[in-house]
Amino acid sequence: MEYKVIVGLEIHVQLCTRTKMFCGCAVEFGQEPNSRVCPVCLGMPGVLPVMNKQAFEYAVLVGLALNCEIPGFTKWDRKSYYYPDLPKNYQISQYDLPLSRNGFIEIPLKSGRSKRIRIIRAHLEEDAGKNLHSAGNYSQVDLNRTGTPLLEIVTEPDLNNGVEARALGVELQRIVRFLGVSEGDMQKGQMRFEPNINLVISRDGREYRTPIVEIKNLNSFRALERSIDYEEQRQLAEFLESGKVIEMGNKTTRGWDDQREVTVLQREKEEAHDYRYFPEPDLVPVELDKRWLEEIRSGLCELPITRQMRYVNEYKLSDYDAGVLTSERAISDFFDEAVKAGGDPKRVCNLLTQEGLRIAKERGSSIAELGIKAENVAKLAGLVESGTVSASASAPIFMQMVETNKDTWSIVNELNLIQKSDAGELEAIVEQALADNPDAVKDVTSGGKKSKKARGFLLGQVMQKTKGQANPKVVSEILTKKLG
Amino acid sequence: MEEFSARQLRERIAAGEVNSVEAVKGVFKRIDELEPTIGAYISTCRERAMERAAEVDGRIAAGEQVGELAGVPVAVKDNMCTTFGATTCASKILENFHAPYNATVVEKLLAADAVIVGKTNMDEFAMGSSTENSGLKQTVNPWDTSRVPGGSSGGSAAAVAGRLCYAAIGSDTGGSIRQPASFCGVVGLKPTYGRVSRFGLVAYGSSLDQIGPITRTVGDAALMMNVIAGHDPADSTSVDEETAGLCDYLAKLDEPIEKLKIAIVPEFNAGAAEAVTKALAEAIEVYKNLGAEIVEIDMAHLDYAIAAYYVIATAEASSNLARYDGVHYGHRSEKAADYVEVYTKSRAEAFGKEVKRRIMLGTYALSSGYYDAYYLKALKVRNLIRGDFAEAFEQCDCIMMPVSPTAAFKIGEKVDDPLTMYLCDIYTIAVNLAGIPGISIPCGFDGESLPIGLQILGSAFDEDRLLRIARMFEAQTNWNEKKPPIVE
């Protein structure tokens, strides 16, 4: 018996526009309940929606980044269902003419290769509010979130496990952040996932498909990955026990219990949910002409995965380092700038990933906000590359660059961190070290287990005597010459 | 003063000859006297009106500029939001609803210094043709108090005819301005869809609803249009003025249209009562004597208008009225045990029969499996009807037909027979489907001294010409000067 996991994703991404999708209320997280509302988003009698152009442009930008077709004509529809967090009891969404469709996203795999996942569509809609159930035997409704622009992205079921689903999530987060259209903050609910999962099982020359399960509202990458892994095992066990296969209408909905790490049944049968879609008469269709589309397209940038590949292929960075550098647009842009200013890519990468990110993290800011110039980082990389300063000396220099914003050279001079590479000068110091440590010398020359460690010890002695300014490569050569 | 048109009253107030306070007092005297019989208003705002009137008078006395409706007492249908008083839509579900904002038309009336005296009765959520579907009160026809005033803007039409205001605002989804205007012997204009902002008009059928004036004269309708027409950024379906320019509807009102070409649809008119067809024929004679040419046309798809309308309007209504659920505002059942019952019980208790009937119809039409057969098909019919009108207007300046097959009918006569009631809308409904403007003007009386209206239809955004054509007739006749016996 063999089986394959089939996963498709529905992803909701809140767009970071200043105001809501159809009214002028501010989009702000964590405000006092019902303080960011107006008659329009409250669904008062007589109100009418007006489309937020920025939200539409952001959505098209994502569509372009996902390699979608962008039709010149798109319209709005009403999706009807009754729920207290939806004041009009219909959601303005897009049904048969979404603003983008038939695209794909490349997701990075562990092997260093990428996999193409097809995108069925991405369309705009308005977010609902929140029902709060903490008050006792009644519920409360907070409508601050109501009307926030929400991009719904639907993939083909091209994913085959939790790891891939997670990779897609991470990649999409990176894309929307790169484009500056969403903060993609999972904790604030700015990105939410709903995977559809089933198994294709081959047994005795026959193929079986298990009933599809939809897991609702996952808001962490971990939950996304784990819930799919869990479903894989659960569905397999269920199949072996009951032999149940997919049928019309036996799709079920499950929730994810974060504590117990299990999925829990929510709705047994997807009752033929009839949303009674029809064209929204209060809004006019959007006609996107070539000029407007090109204007939006100009906001596109090189996508994170393309950059990551470029760093690996052109600069020979490790996949890991390239991933770290492209985790945020600001880091990646800074890196590109420093390389452009002449910095050796590998050295610049080390400086940024080891020093820059550490300091930024300590200060709770981003690299771009540290106030250091890419040009100076390039200079420092050059000094390390030429052996003028040692790799270990670059840390205090980098710190000084952040703190004083002085030119790299003057910091190096002030700190007296120019590396000693003069063989003659160093030879004397090495001889002194050998004379001081005859036991270590004996260990080296006699070979064996202790040899390597003793050599390292002697090197350390020289470095100590020179206060770290000796070029370790030169010292090592002298040691070899003296001790063989 | 009571017999002044709104236009005459405004001129005299602005000139300091009479004052607004007197006019408002006069109106409220009439309200005290006749409103218990007519029942045109759901609410009045006497104190507020008196204050506004005094303020306008004060500004005129101080020599300040005043608006186009300065000091004129007007009424507003109760489906337009006002921050003062309740906005009920004549429904128990909104009986105590106080809107937090003014509809754009209300803002425009206020900016023109009109004095709003009250909110008028209507069929609940504008669903009906007699105002009998009001969930809050009954309005009668001032010409015969045993008869309906028409609907759904019955309160506005009765208030204008009964001298309970000088002019009123109504809304028209399938004839709701024109038909009550004809039943009450006054002028009613439904502008082109998109000409007047719908922002703040409580929606019934969003793609059909349009606000317009109900007045005693064609000139007053033009004056009201000058105030309320225009693009509104808050209404995406309101037309921008580059696409359809606005004009001063009063400027050329008295200039007749030269070489006027009028189309009639003989086959279509055949279903009307004898008195109605007679009045129509006489009206056409008047135009002929003014040199108009009459052409007979055929409109192939008009027969399907009622069916298409009752699918589209109810489908939109079923969605528009979903928000009245007892959760956020409006009536909430006290018997609800859980949130689903908050919906079901609140709606069951507070919506009237006709509203429920239309929500059911619309929900059905939009349901999966039925959408193509009903809603989609109705949209196709709608396009064909639009095409019929576009074709017709290539051969004529306007189309004339009755407003309603009969004059005002008796209260209670048709309430148990909704289909017959729906069929009364046969002459008015196609206009909303096509989005074009239509006007009803008084053109005679039947054997029982009940007013009859003449309906004139124009092409989209051509209200200016439509008003001038109507004015040509009005200038030749005196039907609009007749008063209901109750005000004599």
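Within every chain, numbering begins at 1; the chains are lettered A, B, ... in the order of the sequence lines, protein sequences first and strands thereafter.
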(message) Can you confirm whether more than 12 heavy atoms, excluding those of A:Glu294, are under 6.0 Å from its CD atom?
(response)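 Yes - once you tally the heavy atoms of other residues, nucleotides and ligands closer than 6.0 Å, there are more than 12.
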
(request) Count the heavy atoms of every other residue, nucleotide or ligand shown that sit under 6.0 Å from NZ of B:Lys92, and state whether that count exceeds 12. (result)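 No.
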
How long is the gap from [atom1] on [X] to [atom2] on [Y], to the nearest 0.5 Å?
X: B:Asp235; Y: A:Asp282; atom1: CG; atom2: CG; answer: 7.5 Å
X: A:Leu48; Y: B:Thr104; atom1: CG; atom2: OG1; answer: 8.0 Å
X: A:Phe278; Y: B:Leu379; atom1: CZ; atom2: CG; answer: 10.0 Å
X: A:Leu42; Y: B:Tyr329; atom1: CG; atom2: OH; answer: 8.5 Å
X: B:Ser318; Y: A:Asn89; atom1: OG; atom2: CG; answer: 12.0 Å
X: B:Asp325; Y: A:Lys88; atom1: CG; atom2: NZ; answer: 12.0 Å

(request) Using modelled atom types only, decide if a donor and an acceptor are shared between the side chain of B:His328 and the backbone of A:Met44 within a distance under 3.5 Å. (result)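 Side chain of B:His328 to backbone of A:Met44: no pair is present.
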
(request) Determine yes or no for a side-chain-to-main-chain donor-acceptor pair under 3.5 angstrom, with B:Ser236 supplying the side chain and A:Pro49 the backbone. (result)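 Yes; at least one donor-acceptor contact below 3.5 Å.
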
(request) Starting from the C-alpha separation in whole Å, work towards a yes-or-no answer on side-chain contact (heavy atoms from CB on, under 4.5 Å) for A:Tyr277 and B:Leu366. (result) CA-CA 7 Å; A:Tyr277 282 101; B:Leu366 290 178; over 6 Å; no

(request) Go through B:Ala203, B:Cys81, B:Ala234, B:Ser207 and name the one with the most non-hydrogen pairs under 4.5 angstrom from chain A. (result)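 Result: the option with the highest number of such pairs is B:Ala234.
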
(request) Name the member of B:Pro100, B:Gly369, B:Gly330, B:Ser367 that forms the most heavy-atom pairs with chain A at distances under 4.5 Å. (result)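 When all of B:Pro100, B:Gly369, B:Gly330, B:Ser367 are compared, B:Ser367 has the most.
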
(request) Determine whether the side chains of A:Arg276 and B:Tyr371 contain a donor N or O and an acceptor N or O closer than 3.5 Å. (result)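 Absent: no donor and acceptor within the cut-off.
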
(message) Quick check on the interface: out of A:Ser139, A:Ser80, A:Cys23, A:Pro87, who has the most heavy-atom pairs with chain B under 4.5 Å?
(response)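 The candidate making the most pairs under 4.5 Å is A:Pro87.
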
(request) Report yes if the distance between the aromatic ring centroids of A:Tyr82 and B:Tyr339 is under 6.0 Å, otherwise no. (result)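 Centroid separation for A:Tyr82 and B:Tyr339: 6.0 Å or greater.
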
Indicate the atoms forming the closest heavy-atom contact of [X] with [Y], along with that distance.
X: B:Ser368; Y: A:Asp274; result: N-OD2, 2.7 Å
X: A:Tyr90; Y: B:Ser319; result: CD2-OG, 3.4 Å
X: B:Tyr101; Y: A:Pro45; result: OH-O, 2.6 Å

(request) Can you tell which part of A:Tyr83 gets under 4.5 Å to a heavy atom of chain B, answering side chain, backbone, both or neither? (result)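 Contact with chain B involves both backbone and side-chain atoms of A:Tyr83.
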
(request) Please look at A:Pro39 and chain B and tell me whether the side chain, the backbone, both or neither of the residue comes under 4.5 angstrom of a heavy atom of that chain. (result)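 Side chain only.
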
(message) In the structure I gave you, are the side-chain heavy atoms of A:Val47 and B:Arg323 within less than 4.5 Å of one another anywhere?
(response)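 Answer yes - side chains close enough.
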
(message) Let's go through B:Asn320 and A:Arg78 carefully: what are the C-alpha distance in whole Å and the side-chain angles of both, what is the deciding distance for side-chain contact (heavy atoms from CB on, under 4.5 Å) to 0.1 Å, and is it a yes or a no?
(response) CA-CA 10 Å; B:Asn320 285 331; A:Arg78 290 186 184 176; 2.8 Å; yes

